[in-house]
Amino acid sequence: SELTLASEVQPKNVAPLVNRSDWTMEDVLASKVSIRFSQKSLEAAMQDIAEQMRDELTGLPFAFEIRIVGTDLEPEGITRNQQIRDFQSTGEPLANVLTQLVIKANPVQTVVSPTETDQKLVWVKSPEQAGTILITTRNAAAANSVELPTAFQSTD
């Protein structure tokens, strides 16, 4: 039972946000989220976060979704079942949590900063579907001319 409790998405310590009809994706990415688990697949972690955000952010003018682009991950040897272990984040903006999760799921575990080229796994805002976050790779994003979030951009 302890493992079950530890693997659940933990609700925020505040009431759900007010129902708004003027949400933007930037508002969603800035929203605070808390999550803790001992081990989950990349896919399960993303499903849990998406569900939590949909539950807490009422009145979104779009259907919020986090989608893993499996065909982008395959050439890098990354799978949806990539395991993330010992993860905890409390009251962090969703953008930061997503960045931390893809770092933990990255196949190269020596990465120190998300700006490194060895940080193969990234998240991006879908250029085609409003309200959708894509879990993809740095190479696939570049090949599709999709701009990386600031956290993954090199300052060189």
*Determine, stepwise, if the pair L42 / R80 fulfils side chain to side chain contact (heavy atoms under 4.5 Å, CB included).*
CA-CA 6 Å; L42 174 63; R80 296 170 180 274; 5.9 Å; no
*Which other residues end up in the same hydrophobic cluster as V111, if Ile, Leu, Val, Met, Phe, Trp and Tyr are linked when side-chain heavy atoms come under 4.5 Å apart?*
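So far as hydrophobic clustering goes, V111 is joined with V108.
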Are [X] and [Y] side-chain neighbours, meaning at least one heavy-atom pair lies under 4.5 Å?
{"X": "E43", "Y": "T79", "answer": "no"}
{"X": "I133", "Y": "K125", "answer": "yes"}
{"X": "V124", "Y": "P149", "answer": "yes"}
{"X": "Q47", "Y": "K40", "answer": "no"}
{"X": "F152", "Y": "V102", "answer": "yes"}
{"X": "R85", "Y": "S38", "answer": "no"}

*Might you work through the side chain to side chain contact (heavy atoms under 4.5 Å, CB included) test for T90 and R36, ending with a clear yes or no?*
CA-CA 8 Å; T90 304; R36 179 184 71 169; over 6 Å; no
Reported [atom1]-to-[atom2] distance for the pair [X] and [Y], which is rounded to 0.5 angstrom:
{"X": "S31", "Y": "L57", "atom1": "OG", "atom2": "CG", "value": "4.5 Å"}
{"X": "K104", "Y": "Q82", "atom1": "NZ", "atom2": "CD", "value": "12.5 Å"}
{"X": "D48", "Y": "M53", "atom1": "CG", "atom2": "CE", "value": "13.0 Å"}
{"X": "N106", "Y": "Q119", "atom1": "CG", "atom2": "CD", "value": "4.0 Å"}

*Please check if any side-chain donor atom of T24 sits under 3.5 Å from a side-chain acceptor atom of D27, or the reverse.*
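The answer is yes; a qualifying pair exists.
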*So which heavy atom on A151 is nearest to which on P114, and how close?*
O-CG, 3.3 Å
*Closest contact, heavy atoms only, I35 versus F87*: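 What the structure gives for the nearest pair is CG2-CE2, 3.5 Å.
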*May I ask whether I103 and M46 are part of the same hydrophobic cluster, defined by side-chain heavy atoms of I, L, V, M, F, W, Y residues being less than 4.5 angstrom apart, directly or through others?*
no
Enumerate, atom names and distances included, each donor-acceptor pair closer than 3.5 Å involving a side-chain atom of residues 60-78, sequence neighbours excluded.
residue: R67; atom: NH2; partner: Q129; partner atom: OE1; Å: 3.3
residue: D72; atom: OD2; partner: T136; partner atom: OG1; Å: 2.6
residue: E76; atom: OE2; partner: N139; partner atom: ND2; Å: 2.7

*side chain to side chain contact (heavy atoms under 4.5 Å, CB included) between V146 and L134: does it pass, once the steps are laid out?*
CA-CA 11 Å; V146 176; L134 302 175; over 6 Å; no
*asked:* I'd like to know whether E56 forms a salt bridge (charged side-chain N to carboxylate O under 4.0 Å, His left out) with K32, so could you lay out the CA-CA distance, the side-chain angles of the two residues, the decisive distance to 0.1 Å, and finally the verdict.
replied: CA-CA 10 Å; E56 292 182 1; K32 307 288 187 198; over 6 Å; no
